[in-house]
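Heads up, the thing below is written out as structure tokens.
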Protein chains: 2
Amino acid sequence: MPQGEVTSGRRGKARSSRSVPSLQGLTEMAARERAYHDLRYRILTGRLAPGTTLLETELAALLALSRTPVREAVIKLEEEGLVEVRPRHGVTVKALSLQDFANILDVFSALEIRAFELSAERGLSPEQARLLDRMVEDMETATANGDIARWSDLDDEFHSEVVALCGNQRLQTALNAFWAQQYRARMMILPLRPLPEDSNAEHRAVLEALKLGDRALTRERHSAHRDRADKQQLALLRRSLGSSGLA
Amino acid sequence: MPQGEVTSGRRGKARSSRSVPSLQGLTEMAARERAYHDLRYRILTGRLAPGTTLLETELAALLALSRTPVREAVIKLEEEGLVEVRPRHGVTVKALSLQDFANILDVFSALEIRAFELSAERGLSPEQARLLDRMVEDMETATANGDIARWSDLDDEFHSEVVALCGNQRLQTALNAFWAQQYRARMMILPLRPLPEDSNAEHRAVLEALKLGDRALTRERHSAHRDRADKQQLALLRRSLGSSGLA
DNA sequence: TCCCGCGCCAATGTATACATAAGCCGACCG
DNA sequence: CGGTCGGCTTATGTATACATTGGCGCGGGA
């Protein structure tokens, strides 16, 4: 659970709340934070492959820290479900089975749908509506250009932006934790994805419902979107690996 | 996030997964676990009132431990949203505003509804159906006897039992975390609750849908149940305290 | 050759020591 | 008299030291 960037500004903008990329200020960070972000980054990007097992000592050496902050970081990662700690055997990067991934998507979708509902209920300001409109357009452009990676980023941003409007900080926090877990698998199947024509249409429909402030309609449409998208992702994953753990 | 009791048996029975009461084996437990459970217990039961602030040193003294395991426990409690750590000011038991409570219920309900859906999809075995039937009957008996406390316990068990059938461990874990948070407020308003005639009828309806294995129907009915129950709880809370933090 | 049991080693869990830096109070200056 | 600057105190964050316990391998016996 990554807490808010620096100090106050909880509710505020916090544009790109989902944080994998780049680890900008990796240095000059508190040791525990550094360990947490660094390890999380390595896991999400696959630099620490699932199944990898390291001793606390090794992790500490790897990060040039003592065991104390590393342990604390590991506790957080364990709560997030990214690693498993087996008392005499070190910490292992969890491998996600297809079943695990399905479970994660289930939780993630349930939460995200609720977040969308709440956002609909609160209503969009004109600027928010415009911003989201632009995002949908950008996604369509990316699709037209066949730029799936860019589309995927925008998709993330779109969902994340709507979630940010829901006004429930706890919901956002929970979503972030589960988002991290699905991210790994998402990246795996990226190149396999077909052009997301369906998603684009669904996004438009959902955004329409959001603009109307119609909670029930938003739920219905976003629910449909997630169901289809989740099923598609699972199918791709199943294809891309037998059904074993994934790298 | 309390991990599974001892070792394996993840999927298994795990009857009363929700654990506040009694702290049976408080002694002879690992220090970190002890600290975690002990503090959690004190917070949930109100022995550590919201707003209470203690230094790490004081907590350590309180539990007769060194700071290390206490810190680790505190990290977990912070992730769970039960305490707040302000670097030079100690750890504070979070006070729940009405808004916080509403947020918690929102997340909790979203997750629980999904869990019920999944359970419906998987279907109930005859024994499971019978067990749940008996629980509903017991609740009705408790209502008839005006024993609200017992009813509340059974209600918890009923929900928890259905959730346990959903087959998604991550979902269960997330639910447990949020369950802890709503528990505090639940206990506060217990004496104010009217006899839960509505809930009993709704339970029957939901159970009926579960037995049919009808996912959509289950979602609809349980969703209705949660909406009404949540609104009622919020109303009671609002009545019972202005709108400030709660003890 | 296979199985059982003992003993060593090392990884973790806990305690403690130490450095850092933030808050607070007092004093001094305007 | 009020405000601000500076130093002290102390809570935290990190490192390290220490004890425990469980795993694993080796040896002996069947």
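Order of the sequence lines sets the chain letters (A, B, ...), proteins ahead of strands, with each chain counted from 1. Scope of the values below: all heavy atoms of this structure, side chains included, with no hydrogens, waters or symmetry mates.
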DNA chain C: first to last nucleotide in contact with chain B (atom under 4.0 angstrom from a heavy atom), 5' to 3', is dT14(C) to dG23(C)
Sequence neighbours left out, what passes ring pair (Phe, Tyr, Trp, His ring centres under 6.0 Å) with Phe178(B)? Give chain and number order. none
Contacts of type side-chain hydrogen bond (donor to acceptor under 3.5 Å, both in side chains), residue Arg71(A), not counting sequence neighbours: Glu56(A), Glu72(B)
Hey, could you give me the [atom1]/[atom2] distance between [X] and [Y], rounded to the nearest 0.5 Å?
X	Y	atom1	atom2	result
Glu58(B)	Thr53(B)	CD	OG1	9.5 Å
Trp151(A)	Asp156(A)	CH2	CG	9.0 Å
Glu112(A)	Ser119(A)	CD	OG	10.0 Å
Asn103(A)	Leu171(B)	CG	CG	8.0 Å
Leu237(A)	Leu96(A)	CG	CG	9.0 Å
His159(A)	Met135(A)	NE2	CE	10.5 Å

Give the rounded distance in Å between these two atoms: [atom1] of [X] and [atom2] of [N].
X	N	atom1	atom2	answer
Arg32(A)	dA11(D)	CZ	C1'	14 Å
Tyr36(A)	dG13(D)	OH	C1'	19 Å
Glu56(B)	dT10(D)	CD	P	17 Å

Under 4.0 Å, heavy atom to any atom of DNA chain D: which of residues 83-91 of chain A qualify? Arg88(A), His89(A)
For the CZ atom on Arg150(A), are there more than 12 heavy atoms of other groups (residues, nucleotides or ligands in this structure) within a distance under 6.0 Å? no
Test item: side-chain donor near acceptor, Arg193(A) and Gln233(A), under 3.5 Å: no
What are the two closest non-hydrogen atoms of Ser240(B) and Leu192(B), and how far apart are they? CB-CD1, 3.4 Å
Phe116(A) and Phe158(A) aromatic ring geometry - parallel, tilted or perpendicular at 30°/60° bounds: perpendicular
Residue-level proximity of residues 62-74 of chain A to DNA chain C when a heavy atom falls under 4.0 Å: Arg67(A), Arg71(A)
Is the backbone of Asp106(A) close enough, under 3.5 Å, to the side chain of Ser109(A) for a donor and an acceptor to pair up by distance? no
So what is the end-to-end bend of the helix from dT1(C)-dA30(D) to dG30(C)-dC1(D), with 5 pairs used at each end and the value given to 10 degrees? 10°
